[in-house]
Protein chains: 2
Amino acid sequence: MDTRAVRRDASRARILETAWKLARRDGLGALSLHAIAQMVGMRAPSLYTYFPSKNAIYDAMYADGASQLAAALAHRPTATEPVERLRSRVRLFVDFCTTDPIRYQLVFERPIPGFEPTRESFEITVKALSSTRADLDAAGVHGKRALDLFRALFTGLVSLQIANDPGGQRWSRLQYEALEMFLARYANPARAGRRKPRPAKMAATLT
Amino acid sequence: MDTRAVRRDASRARILETAWKLARRDGLGALSLHAIAQMVGMRAPSLYTYFPSKNAIYDAMYADGASQLAAALAHRPTATEPVERLRSRVRLFVDFCTTDPIRYQLVFERPIPGFEPTRESFEITVKALSSTRADLDAAGVHGKRALDLFRALFTGLVSLQIANDPGGQRWSRLQYEALEMFLARYANPARAGRRKPRPAKMAATLT
DNA sequence: GTCTATACATCGATAGAC
DNA sequence: GTCTATCGATGTATAGAC
């Protein structure tokens, strides 16, 4: 491969890593090109060699964070029981969010006015979250309302954990209890692992 | 009362109202004294007559938002059935948060690096939320874990509603369904309205 | 109480030398 | 590819005249 391209990618990676470090220290909104450049050992204008704008840096960070979640979800062991698989998803999601609140904020909230991830970067998130439905379906949980409620439940745990007990476990430790509550209401044991039956269309014409 | 004090309070209120308007338009972090002053019909330095710093304005906004929630919770009709009372709390909370996301953000998250509400302002929030325990207790829900899970559930609904469907109802409409799920697991009908029995301490010495 | 003027810092971004 | 220099704007806050 072109050695120039390799060096360029290495520099981009260093800049990105530094951006993460500063964002975690000072907050996403306080991120400045000046501070990044100084820590990398450059001057601010030199960053424009690697990223065309500040928002491009945010977008690269977004894609980075989303990819990490997608990769972690994809690399889970596959041959487990449906409910256990759901547990592993919940555990992974809660861990992912609480171990790096800034990353969570960038990927799942809209913390920077004027910044939206590019369509390309956003697709990574969409794919990572779309597998939620599959895991729920396998555990006998069907329907859009159940999916939305599932997401709300664990987003809430994470949100309160980060806002009110950063570094602690007050809410994150409730994740399995929360999952039990959810499954008790929404899991249909009889249909677990089976497909949702296709609704009979045009029933009137058939009778 | 001193007419000077009245005029002063009126000006403070006008500044505050304008600050809310701008924060809703541009985001909390983008709030600038310049823009506030311009909209009020002043110059930026004149604001320092009414607020000693920008953070003092944030704090006044925080106290304002927290007071609105406290007042709304306090003014609910009191003579209702426990579960209905819980429903009214949930409905009010979800409405409060979704009708003004910026206010929600300021009161329940830490959106501005470097700003923390003063102890005095924070007390307002604490009192508003402390009544949650009473409402839950009356409905037969006891214990710290249940309380934390209750908060997580509805914070999650609000958070996803604001982030992914602003102005819509995709998650907020699930509030009663969520409450049902929660009560099905945590409400103890036999003990509804009664005190949680004091655990027998020193059981070993009693037997 | 409100103003002008200003201090002082920081920001993102561009132009052009080397 | 990195630099210096600089633009142009924005930010909070203070001093002092009126």
Side-chain angles (χ1 to χ4, degrees), chain A residues 1-23 25-62 106 111-118, chain B residues 1-23 25-62 106 111-118:
Chain A
M1 196 212 271
D2 194 340
T3 68
R4 277 183 312 183
V6 171
R7 290 175 60 91
R8 190 184 155 80
D9 284 358
S11 291
R12 275 181 62 104
R14 263 181 64 229
I15 291 168
L16 219 62
E17 197 180 343
T18 305
W20 277 119
K21 195 179 301 183
L22 283 170
R25 195 188 69 185
D26 305 329
L28 276 167
L31 193 60
S32 88
L33 299 182
H34 204 87
I36 297 175
Q38 190 181 28
M39 189 168 280
V40 183
M42 286 179 180
R43 305 292 179 158
S46 303
L47 296 179
Y48 285 84
T49 304
Y50 302 98
F51 295 94
S53 72
K54 191 187 182 184
N55 272 359
I57 296 184
Y58 279 134
D59 191 59
M61 294 171 74
Y62 178 94
L106 181 59
I112 297 130
F115 165 68
E116 280 198 4
T118 58
Chain B
M1 199 214 272
D2 194 341
T3 65
R4 275 184 312 184
V6 171
R7 290 174 60 90
R8 190 183 155 81
D9 283 359
S11 290
R12 275 182 60 105
R14 261 182 63 230
I15 291 168
L16 220 63
E17 198 179 344
T18 305
W20 278 119
K21 194 179 303 183
L22 283 170
R25 196 188 67 185
D26 305 328
L28 277 168
L31 194 60
S32 88
L33 299 182
H34 203 88
I36 298 174
Q38 190 181 29
M39 189 168 281
V40 183
M42 286 180 180
R43 304 295 177 150
S46 304
L47 296 180
Y48 285 84
T49 305
Y50 302 98
F51 295 94
S53 73
K54 191 188 180 183
N55 271 0
I57 296 184
Y58 279 135
D59 191 60
M61 293 171 75
Y62 178 95
L106 181 59
I112 299 129
F115 165 68
E116 279 198 6
T118 58

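Note that this is a predicted model, so its numbers are computed, not measured. Heavy atoms only: backbone and side chains are in, while hydrogens, waters and symmetry mates are out. In what follows, every chain begins at residue 1, and chains take the letters A, B, ... in the order their sequences are listed.
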For this session: Show your working on side chain to side chain contact (heavy atoms under 4.5 Å, CB included) between A:Leu106 and A:Trp20 and close with a plain yes or no.
Result: CA-CA 11 Å; A:Leu106 181 59; A:Trp20 277 119; 3.8 Å; yes
Problem set entry | Steps toward side chain to side chain contact (heavy atoms under 4.5 Å, CB included) verdict (B:Glu17, B:Val40) | CA-CA 9 Å; B:Glu17 198 179 344; B:Val40 183; over 6 Å; no
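Taking 4.5 Å as the limit, some side-chain heavy atom of A:Leu28 sits within range of a side-chain heavy atom of A:Met61. Between A:Ile36 and A:Met42, every side-chain heavy-atom pair lies at or beyond the 4.5 Å cut-off. You'll find the side chain of B:Lys54 stays beyond 4.5 Å of the side chain of B:Leu47, heavy atoms only. Proximity of A:Leu22 to A:Thr18: side-chain heavy atoms (C-beta onward) are separated by under 4.5 Å at one or more points. Within the 4.5 Å cutoff, the side chain of A:Pro117 has heavy atoms near those of the A:Phe115 side chain.
In terms of heavy-atom proximity, B:Ile57 sits nearest to B:Ala19 at CG2-CB, 4.2 Å. Scanning all heavy atoms of the two residues, the minimum distance from A:Phe51 to A:Leu16 falls at CZ-CD1, 3.9 Å. Taking every heavy atom of both residues into account, A:Ser53 and A:Tyr48 meet most closely at CA-CE2, 4.2 Å.
Straight-line distance from the CD1 atom of A:Ile15 to the P atom of C:dG12: 14 Å, rounded to whole Å.
Less than 4.0 Å separates DNA chain D from at least one heavy atom of each of the following residues of residues 29-42 of chain B: B:Leu31, B:Ser32, B:Leu33, B:His34. Listed by residue number, the members of residues 43-55 of chain B with any heavy atom below 4.0 angstrom from DNA chain C are B:Arg43, B:Pro45, B:Ser46, B:Thr49, B:Tyr50.
Here the range on DNA chain D touched by chain B, meaning any atom under 4.0 Å from one of its heavy atoms, is D:dG11 to D:dT14.
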